Amino acid sequence: MAFKRTTSKTFRADVKVPVANEAGGYDMQTFTAVWEHATTRELDDLRQLTNAQLIERKLKGWDMEDADTHEQVPFNQDTLAAALLIPPTPMYLASSFWEQVNGARAKNS
């Protein structure tokens, strides 16, 4: 058996956000987040943060396509701020981080 003792600087996580629509249902918005890895020492500090604070600290990019224009949405302060104004995006985005960090434990529970 082998165990890799180093990790890449980032990891990817799919994000699925159910956004309420005019018909009384939900439209599933999807994109891939690029997160900076956390060390085990950082995790306790990160758990104390709000979703927005976690996102500001650890989100390093995304692979996001505009549903209307089909163009890539650049990752920058303005586009991130706009995305975070859409409820419940902050919660689902932060959840994608925690699901990846805790994935093996959560899947085996």
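Here the structure is a predicted model, which means the values were calculated and not measured. Heavy-atom basis, side chains included; hydrogens, waters and symmetry copies ignored.
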### Message
Under a 3.5 Å distance rule, please check whether Thr10 uses its side chain to pair with a backbone N or O of Val34 as donor and acceptor.
### Response
no

### Query
Between atom CG of Asn51 and atom OG1 of Thr89, what is the distance when rounded to the nearest 0.5 Å?
11.0 Å

### Task
Find out whether Arg47 and Trp98 are in side-chain contact, i.e. whether some heavy atom of one side chain is under 4.5 Å from a heavy atom of the other.
yes

### Query
Where the side chain of Trp62 meets the backbone of Val73, is there a donor-acceptor pair that is under 3.5 Å apart?
yes

### Summary
Which of Lys58, Arg12, Arg57 passes salt bridge (charged side-chain N to carboxylate O under 4.0 Å, His left out) with Glu36? It is Lys58

### Task
Kindly compute the distance separating CG (Asp44) from CD (Glu42), expressed to the nearest 0.5 Å.
11.0 Å

### Task
To the nearest 0.5 angstrom, please state how far the OG1 atom of Thr30 sits from the CG atom of Asp14.
8.0 Å

### Message
Just checking Lys16: does its NZ atom have more than 12 heavy atoms from other residues, nucleotides or ligands closer to it than 6.0 angstrom?
### Response
no

### Summary
NE2 of His37 to CD of Gln100, rounded to nearest 0.5 Å, is 9.0 Å

### Task
Report yes if some heavy atom in the side chain of Ile55 is under 4.5 Å from a heavy atom in the side chain of Phe97; otherwise report no.
no

### Task
Look at the side-chain heavy atoms of Ile, Leu, Val, Met, Phe, Trp and Tyr, link any pair under 4.5 Å apart, and say whether Val15 and Met91 land in one connected group.
yes

### Query
If we only count heavy atoms from C-beta on, is the Leu93 to Leu59 side-chain gap below 4.5 Å?
yes

### Message
Please find the pair of heavy atoms, one from Ser96 and one from Trp35, that lie closest to each other, and give the distance.
### Response
OG-NE1, 3.2 Å

### Task
Mind listing the closest non-hydrogen atom pair of Ala38 and Leu43 along with its distance?
CB-CD2, 3.8 Å

### Query
What are the two closest non-hydrogen atoms of Asp63 and Phe31, and how far apart are they?
O-CB, 3.5 Å

### Where Pro90 and Ile86 come nearest, the two heavy atoms and their spacing
CD-O, 3.8 Å

#### Entry: Which atom of Met64 lies closest to which atom of Gln72, heavy atoms considered
O-OE1, 3.2 Å

### Query
Which heavy-atom pair separates Gln53 from Leu49 by the least distance, and what is that distance?
OE1-CA, 3.4 Å

